[in-house]
Amino acid sequence: MKDQLVIYNTLTRKKELFKPLVEGKVGLYVCGPTVYSNSHLGHARPNITFDLLYRYLTFIGYKVRYVRNITDVGHLENEADESGEDKISKKARVEQLEPMEVVQKYMNTFHQNMRELNVLPPNIEPRASGHIIEQQQLIHSILKNGFAYEVNGSVYFDVEKYNEKYRYGKLSGRNLDDIKTNTRQLEGQDEKKNPFDFALWKKATPEHIMRWPSNWSDGYPGWHLECSSMSTKYLGNVFDIHGGGMDLTFPHHECEIAQSTASQGKEAVRYWMHNNMITINGQKMARSLGNFITLDELFSGNHEMLEKSYSPMTIRFFILQAHYRSTIDFSNEALQASEKGLERLFTALETLEKLPVSEQSTVDVAGLKEKCFAALNDDLNSAVAIAHLFDGARMINSVKAGQQKISDSDLKELKSFFHTVVFEILGLKPETAGAQNGSNEIVNKIIDLVLNLRLEAKARKDWATSDKIRNELNALGVEIKDTKEGFEWSLK
RNA sequence: GGUUCCUUGGCCGAGUGGCUAGGCGGCGGUCUGCAAAACCGUGUACGGCGGUUCGAAUCCGCCAGGAACCUCCA
């Protein structure tokens with residue numbers, strides 16, 4: 001199965017068979033968050049997408065080193081303040097905090113949200129602020145190779161010079177002539193030879209708090225640099241996969257390619273993968289557009305656009321139900337559909353544990369399994385894989401209902417398949433309220449007691465009493481299903 | 001304006017040159033004292049107009065609408 005994974009490479013705009021540089025090992029780098037405010041739904045997408053990739057690569061037998069950075073140096077902000085100060089130091093002033101305190105605060109909530117979404121931690125989570133020296137080294141080598149120039153303590157990348165030897169714009173499908181005619185002339189950029197040149201090192205203005213000493217000035221690194229230096233530091237000069245949101249393709253990833261190539265004469269990344277955006281009313285959800293809903297708001301339901309709260313697994317499932325390269329449109333209706341669907345899947349998973357076995361199967365477990373893995377191998381098509389899981393759910397329910405039969409060996413295979421795909425690969429987990437997991441034994445016993453009384457009432461055909469018990473337990477959040485044997489219940 | 005891309009049934013979303021996902025919702029049925037759950041059945045969906053083809057929603061062209069990027073952004 002290892003040799004069958006096909007992934008879409010933005011660089012070639014084609015699906016390609018994935019072959020790692022080193023047999024059996026994969027180097028994976030993903031652009032992580034800039035930690036200056038709470039994570040929103042949009043941030044969940046790349047993290048879940050590449051969590052799926054990480055899990056799947058691991059599942060098919062690769063040893064993966066997954067590196068996901070934390071951007072804590074801050075990017076230049078281009079808003080009305082015109083000060084050019086960096087996002088993190090600006091926020092710090094507003095809140096009267098140390099920049100690193102802001103970073104720590106939002107890094108903590110990011111980690112908390114990721115845990116809630118069952119996103120596995122990466123193997124290395126480097127911070128830009130901890131790699132200033134490496135970034136400066138990278139600038140030195142780009143300067144030495146003649147692809148950068150220094151002006152007044154700042155260093156800029158010479159795009160035109162680079163483009164004479166290599167091709168700037170290959171990832172995003174642009175060419176320099178187009179860029180020349182379409183780059184806006186921004187204020188305060190007169191140091192650059194050309195407006196499309198980008199900063200490698202910026203001299204800090206006096207009010208800029210985040211600063212480090214360097215040969216050129218007290219300043220801070222340009223905003224594309226950290227990924228170039230940290231990815232190659234931990235994964236090697238050439239590594240397998242670099243991921244991130246589609247909105248980073250240009251200029252961020254384009255500049256990364258230019259920096260790596262300018263410093264080492266060859267490209268660092270073999271496969272570029274980009275996830276699409278989450279939209280809301282057809283428009284990208286983004287911090288800067290102000291149309292975002294934070295993950296905490298989703299989990300608590302505390303936002304005017306939300307009809308109710310949505311659990312982390314609902315969010316995760318919602319995202320996985322679409323292919324990562326398609327946009328996915330947020331709405332209460334869509335989220336509730338996912339919530340119901342996920343419930344159906346987990347109910348089937350429970351049913352799976354108590355299926356009767358027969359001599360022969362009338363169901364095709366092997367075929368189901370094959371189709372599901374074929375979907376995952378096809379550029380990580382979780383949407384199709386999940387569709388096959390629903391076919392599996394129907395299979396399970398039909399066996400339970402006695403309409404289909406399953407053999408002992410097929411049942412074992414089906415169980416293992418479901419557990420592997422649902423828990424290990426898709427990273428879903430049950431979210432039952434505590435009471436049924438033994439955390440509140442006495443409550444379980446009381447509910448059982450009451451329901452047994454109801455059973456007695458039913459035996460007497462005392463429907464008034466039995467319905468009263470059911471309705472009132474329902475109101476308390478206990479869902480009751482009558483079965484042939486008696487009853488089943490669960491907490492909502 | 002430039003570059004890239006999208007438009008699928010009530011909603012969300014796969015996919016493919018002919019065999020035509022899936023979820024949610026709706027409708028009908030089975031089961032049930034009634035519910036719930038489950039199961040079964042049910043939709044003449046592929047933005048518009050042309051073209052290529054035996055055959056296109058899938059390929060090509062034009063038009064309409066929308067998006068992303070070009071400026072921080074997941």
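The chains referred to below are lettered A, B, ... by the order of the sequence lines, with proteins before strands, and numbering in each begins at 1.
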Using whole Å, what does the distance between atom [atom2] of nucleotide [N] and atom [atom1] of [X] come to?
X: A/D247; N: B/C69; atom1: CG; atom2: P; result: 6 Å
X: A/L289; N: B/A67; atom1: CG; atom2: P; result: 11 Å
X: A/F318; N: B/A14; atom1: CZ; atom2: C1'; result: 15 Å
X: A/F196; N: B/U3; atom1: CZ; atom2: C1'; result: 16 Å
X: A/F346; N: B/C24; atom1: CZ; atom2: C1'; result: 17 Å
X: A/Q403; N: B/C40; atom1: CD; atom2: P; result: 6 Å
X: A/Y8; N: B/U4; atom1: OH; atom2: P; result: 12 Å
X: A/R325; N: B/U4; atom1: CZ; atom2: P; result: 17 Å

Could you tell me whether [X] contacts a base, only the sugar-phosphate backbone, or nothing, with contacts defined as non-hydrogen atoms closer than 4.0 Å?
X: A/G42; result: base
X: A/A383; result: base
X: A/A337; result: base
X: A/M277; result: base
X: A/Q336; result: nothing

If you only use heavy atoms from C-beta on, which nucleotide in [options] is closest to the side chain of [X]?
X: A/I328; options: B/C39, B/G13, B/G23; result: B/G13
X: A/P251; options: B/G13, B/C70, B/G23; result: B/C70
X: A/S331; options: B/C11, B/C73, B/G22; result: B/C11
X: A/R174; options: B/A21, B/C70, B/C73; result: B/C70

Identity of whatever pairs with [N] - Watson-Crick or G-U, under 3.5 angstrom:
N: B/U42; value: B/G26
N: B/G33; value: none
N: B/A68; value: B/U3
N: B/U16; value: none
N: B/U58; value: none

Taking the six-membered ring for Trp, is the centroid-to-centroid distance between [X] and [Y] below 6.0 Å?
X: A/Y162; Y: A/F157; result: yes
X: A/H242; Y: A/Y271; result: no
X: A/H253; Y: A/H274; result: yes

Say whether A/S129 and A/D72, considering side chains only, have a donor N or O and an acceptor N or O under 3.5 Å apart.
yes
Base versus backbone protein contacts along nucleotides 25-38 of chain B [heavy-atom cut-off under 4.0 Å; B, S, -]
S-------BBBBSS
With rounding to the closest Å, how many angstrom separate the [atom1] atoms on [N] and [M]?
N: B/G43; M: B/G2; atom1: C1'; answer: 43 Å
N: B/G28; M: B/G22; atom1: P; answer: 22 Å
N: B/G55; M: B/A64; atom1: P; answer: 29 Å
N: B/C12; M: B/G51; atom1: P; answer: 32 Å
N: B/G47; M: B/G65; atom1: C1'; answer: 8 Å
N: B/C6; M: B/C39; atom1: C1'; answer: 38 Å
N: B/C27; M: B/A36; atom1: P; answer: 12 Å
N: B/C69; M: B/G61; atom1: P; answer: 26 Å

Mind listing the closest non-hydrogen atom pair of A/V73 and A/M210 along with its distance?
O-SD, 3.3 Å
For residues A/F250 and A/S172, report the shortest heavy-atom separation together with the two atoms involved.
CD1-OG, 3.3 Å
Please verify the inter-ring angle class for A/F317 with A/F390; under 30° counts as parallel, over 60° as perpendicular, anything in between as tilted.
perpendicular
For the residue pair A/H40 and A/F292, does the interplanar ring angle fall in the parallel (under 30°), tilted (30 to 60°) or perpendicular (over 60°) class?
tilted
For A/K405, is the NZ atom crowded, meaning more than 12 foreign heavy atoms sit under 6.0 Å from it?
no
Within a radius of less than 6.0 Å around NZ of A/K14, do more than 12 heavy atoms belonging to other residues, nucleotides or ligands occur?
no
With a 4.0 Å limit, can you tell me whether A/T327 has a side-chain N or O closer than that to the phosphate oxygens OP1/OP2 of B/A68?
no
Comparing A/L41 with A/N381, nearest RNA chain B nucleotide closer to 5' gives the residue A/N381
